[in-house]
**Q** 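Below is the structure I would like to discuss, written out as structure tokens.
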2 protein chains.
Amino acid sequence: MTDQHLNETFLADWAIHSRFGAVEGTNGVDRQAASAADGEQRKWFQELLESHGFTVRRDEVGNQFGLLELVPGAPYVLTGSHMDSQPTAGRFDGAYGVMASAHACFRVADELRANPEQARFNLAVVNWFNEEGSRFKPSLMGSSVLTGKLVLDEALGTEDPKGITVRDALDAIGERGTSPVFGTGGDLEVASYAEIHVQQGRSMEEDGVTIGLVNATWAAHKYDFRVLGEQAHSGSTLMADRRDALLGAARLVVAARELVDGFEAEALHTACGELTVYPNSPVVVASEVRLLLDLRSPSAEVIGEAHERLMAVIERVKREDRVEIEIVAEHSWDQNPYQEEGVALAREVAEELGLTHDRVMTVAGHDSTNMKDLVPTVMLFVPSVDGVSHNLNEFTRDEDLVAGVDHLSGVIRRLAAGELTA
Amino acid sequence: MTDQHLNETFLADWAIHSRFGAVEGTNGVDRQAASAADGEQRKWFQELLESHGFTVRRDEVGNQFGLLELVPGAPYVLTGSHMDSQPTAGRFDGAYGVMASAHACFRVADELRANPEQARFNLAVVNWFNEEGSRFKPSLMGSSVLTGKLVLDEALGTEDPKGITVRDALDAIGERGTSPVFGTGGDLEVASYAEIHVQQGRSMEEDGVTIGLVNATWAAHKYDFRVLGEQAHSGSTLMADRRDALLGAARLVVAARELVDGFEAEALHTACGELTVYPNSPVVVASEVRLLLDLRSPSAEVIGEAHERLMAVIERVKREDRVEIEIVAEHSWDQNPYQEEGVALAREVAEELGLTHDRVMTVAGHDSTNMKDLVPTVMLFVPSVDGVSHNLNEFTRDEDLVAGVDHLSGVIRRLAAGELTA
């Protein structure tokens, strides 16, 4: 096929793919993990993979694999991302990576079928289960189980806000497998991993870069806070007698934003996106608020300093507003690099193809963050207009989408030939 | 019966009554409007009323009435409060008023049966539907429908957070009547109204007052705000690009508390007890937050000044945090007096009985706030230890409970004899 034909084929499948879980009247989707829309898309995706000669399997945590054995018994080059989305989200996040991976494998598979002597490894596409972590926490669930960072039973027992477990949700869409595929206990082996994603920022667009060579993940510190006050009548209770958990929580939300001003511009990102109030009645002072708050920075030193300042704010709020503030859970990580060999390989492919490229860090975590601890990994970005992310209006231009597929195909071609694996 | 026997009878029924919806391991209750526990309590209450010769009816919005006709065709002295509670609440709020009213009517009924010539009016006890407004909004639902302030169909169509309507919830517990009883279209007429409640504050306890002669409701201004931002990835989006609805909402919660400091101590009460976030995901900047905020004061001038300052804060937050803030609904009222004739009658009764008494304002609304616009009304308080309210640990001493029943009996006796009605 000509390059133009390949691009048209990709864009045609991409257009169909974006219809699953489409939010009416928008260009975005609502396709949370193991929802009905997720299930329908997985069925369609299985048919697509099978129509290109791939065999489809899913593992016990619902990771969906498309497998093509070219070299009997050899390990697999794995590539993919996730099709699940936030409750209202763009159609590119994750989904682009899965579709780009599938089409890159289709191209390389055709080449290797024609020239079987060039294949050292087999090819596998993956649609990871529950990367987003919106319906079921934590995020990166599928890749965390595969890489042994999360226990399978714990993942399967996780409940959504309605009390439905991952186990039951996967069964409801027929996507829970009965045995591991890759990883511990699996019958297949991963040789290397590649993933492509739209950038969730606007630096590449501003700098005119088509291919982002992802070299590290930002450092972060994430907190699950419980603020405890005491229920009281919100009208009649003397102000001096109140211990208002929502007031304490609101002070933390404001403090998180104000922390940023103590550092250089964009050196620190802070956020609180999830906050729940009990009993959440208009006439009752709240007795308990849970909130998830996080600090992110390219610099672990900035995170450390921001953490100290946040703890000082907490002591002040506890004292002045007479509330308790507990850290229910927290986890932090330093700046987390990808293998430089993978970055170098991706740069060579970009230069071959004449695509502009640059090193770029990722703020958000990706399934590749897990996979790079297991096997040689390549992580790639294409630009996103205005960096809009986790929003119905997320957008990436067609020319960047197809350039990404071209580039990823080049990466997969080299990985299948044995590059990055000694 | 002796006074002591009457008190013991009241306390025995009161002890049974407090078991419905009891929260295990606490002294409090969870008995929201038209819940299963509310339904079971209503059945028990019906039997109690019938055992004292009262006929039980309910109207179309689930107000439960115990009726005793002593003077054929005459209007009724109505007395009561509500048995529904906040999600986790004390056992006295509302419930004490219903039980005190029932026992006051039982006593006065026995007296009037013995001396029928003293009765000018008949007796009715009421258990108002959904005073709390926690499961179904607005509060004071039953008395608002009876007094024509809320349209019946609107009340019946109101949904709880799970989408269950008042109509279906009342049907589920068999408590939706087929015709009005009192008010427009009803076959019975109200002559006057009396209600007793535990004070939701601590001034009476501190001042050593047993009977509060409620002379007015505080002024108030209540707001339903919608804060609109834009969904974005909460990690990767540049801080400068964010329009964070939860940040805007948190600033309002903090501002409400800080408003108080601009006035004399306790001249202004402010609160936000209910706040909901969308999409409420840890990795998404919130696009919409709804919050209910209110200002309360004995002084309408203070409310007016606080309103102006709040509006100035809102303009600043809109500008600085780049969010929209809409007032979806608001309502306000001036200081709202009870009839002085009712206050005078209650004072005379307290003096007869040798009970300490004082004029006191109510911060919270009560069903009497509606009824006083229809008929002569008496509103009474008994003390609450430390003023604890809307809390599992709410507490009023037995001696205050029985003093309140004695006092209310005196009020009902006079109302039944025609006092307050020209």
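A note on names: the letters A, B, ... follow the listed sequences, proteins ahead of strands, and every chain is numbered from 1. Computed over heavy atoms, backbone and side chain alike; hydrogens, waters and symmetry mates excluded.
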**Q** Give a yes or no on whether the backbone of A:K162 and the side-chain of A:D160 come within a donor-acceptor separation of less than 3.5 Å.
**A**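 Answer holds: yes.
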
**Q** What option among A:A364, A:A271, A:S281 has the most heavy-atom pairs under 4.5 Å with chain B?
**A**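 Result: the option with the highest number of such pairs is A:S281.
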
**Q** Any idea which of A:R202, A:E230, A:R251 has the most non-hydrogen atom pairs under 4.5 angstrom with chain B?
**A** A:R202

**Q** Please lay out, stage by stage, how A:T88 and B:Q231 fare under the test side chain to side chain donor-acceptor pair (under 3.5 Å).
**A** CA-CA 9 Å; A:T88 42; B:Q231 267 189 234; 2.4 Å; yes

**Q** Ring centres of A:H366 and A:F381 under 6.0 Å apart?
**A** yes

**Q** Pair A:D294, A:H221 - check side chain to side chain donor-acceptor pair (under 3.5 Å), show working.
**A** CA-CA 6 Å; A:D294 46 65; A:H221 198 137; over 6 Å; no

**Q** What option among A:S234, A:P282, A:P279, A:G365 has the most heavy-atom pairs under 4.5 Å with chain B?
**A**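 Option with the top pair count is A:P282.
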
**Q** Side chain from CB out, backbone as N, CA, C, O: work out which of these in B:S139 comes under 4.5 Å of a heavy atom of chain A, or both, or neither.
**A** neither

**Q** Could you check which of A:L238, A:V253, A:D93 has the highest count of heavy-atom pairs closer than 4.5 Å to chain B?
**A** A:L238

**Q** Is it the case that the side chain of A:D367 and the backbone of A:S81 share a donor-acceptor pair, with hydrogens and angles ignored and the cut-off at 3.5 Å?
**A** no

**Q** Which region of A:R135, side chain (C-beta onward) or backbone (N, CA, C, O), has a non-hydrogen atom less than 4.5 Å from a non-hydrogen atom of chain B, or is it both or neither?
**A** neither

**Q** Looking at side-chain heavy atoms only, is the closest gap between B:T369 and B:N336 below 4.5 Å?
**A**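 Counting from C-beta outward, B:T369 and B:N336 do come under 4.5 Å.
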
**Q** Is it the side chain or the backbone of B:L268 that comes within 4.5 Å of chain A heavy atoms, both, or neither?
**A**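 Backbone only.
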
**Q** If we define contacts as heavy-atom pairs under 4.5 Å, which of B:Q200, B:E394, B:K222, B:H269 has the most with chain A?
**A** B:H269

**Q** What residue in B:G201, B:G235, B:A220 has the most heavy-atom pairs under 4.5 Å with chain A?
**A** B:G235

**Q** For chain A, find which of B:L246, B:L292, B:D386 contributes the most heavy-atom pairs closer than 4.5 angstrom.
**A**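 Going by pairs under 4.5 Å, I would pick B:L246.
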
**Q** Given that the side chain runs from C-beta out, which part of B:V388 has a heavy atom under 4.5 Å from chain A: side chain, backbone, both or neither?
**A** neither

**Q** By a 4.5 Å heavy-atom criterion (distance strictly below it), what part of B:E258 contacts chain A: side chain, backbone, both, or neither?
**A** side chain

**Q** Counting heavy-atom pairs closer than 4.5 Å to chain A, which one of B:A286, B:S287, B:C272 comes out on top?
**A** B:C272

**Q** Taking every heavy-atom pair that is under 4.5 Å apart, which of A:S134, A:A232, A:P87 has the most such pairs with chain B?
**A**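 The candidate making the most pairs under 4.5 Å is A:A232.
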
**Q** Under the side chain to side chain donor-acceptor pair (under 3.5 Å) test against A:S203, which residue among A:Q199, A:E206, A:E205 passes?
**A**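 Option passing the side chain to side chain donor-acceptor pair (under 3.5 Å) with A:S203: A:Q199.
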
**Q** Charged N to carboxylate O under 4.0 angstrom, B:E274 versus B:K137?
**A**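 Answer for the salt bridge query: yes.
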
**Q** Heavy-atom pairs under 4.5 Å with chain B - which of A:L252, A:T237, A:L291, A:V285 has more of them than the others?
**A**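 Between A:L252, A:T237, A:L291, A:V285, the count favours A:T237.
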
**Q** Would you mind checking if B:R290 and B:D224 are paired as a salt bridge, meaning a charged N to carboxylate O distance below 4.0 Å?
**A**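 Yes, charged N to carboxylate O under 4.0 Å.
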
**Q** Relative to each other, are the rings of B:F225 and B:Y223 parallel, tilted or perpendicular (30° and 60° limits)?
**A**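 The rings of B:F225 and B:Y223 lie parallel, inter-plane angle below 30°.
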
**Q** Counting only heavy atoms closer than 4.5 Å, note whether A:A240 contacts chain B via side chain, backbone, both or neither.
**A** both

**Q** Tell me which of these, B:D321, B:N391, B:L293, has more heavy-atom pairs under 4.5 Å with chain A than the rest.
**A**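 Highest number of pairs under 4.5 Å: B:N391.
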
**Q** Out of B:A250, B:A265, B:S236, which one racks up the most heavy-atom pairs below 4.5 Å with chain A?
**A**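 Sorted descending by pairs with chain A, the first entry is B:S236.
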
**Q** Could you tell me whether A:R226 and A:E288 have a side-chain N and a carboxylate O separated by less than 4.0 Å?
**A** yes

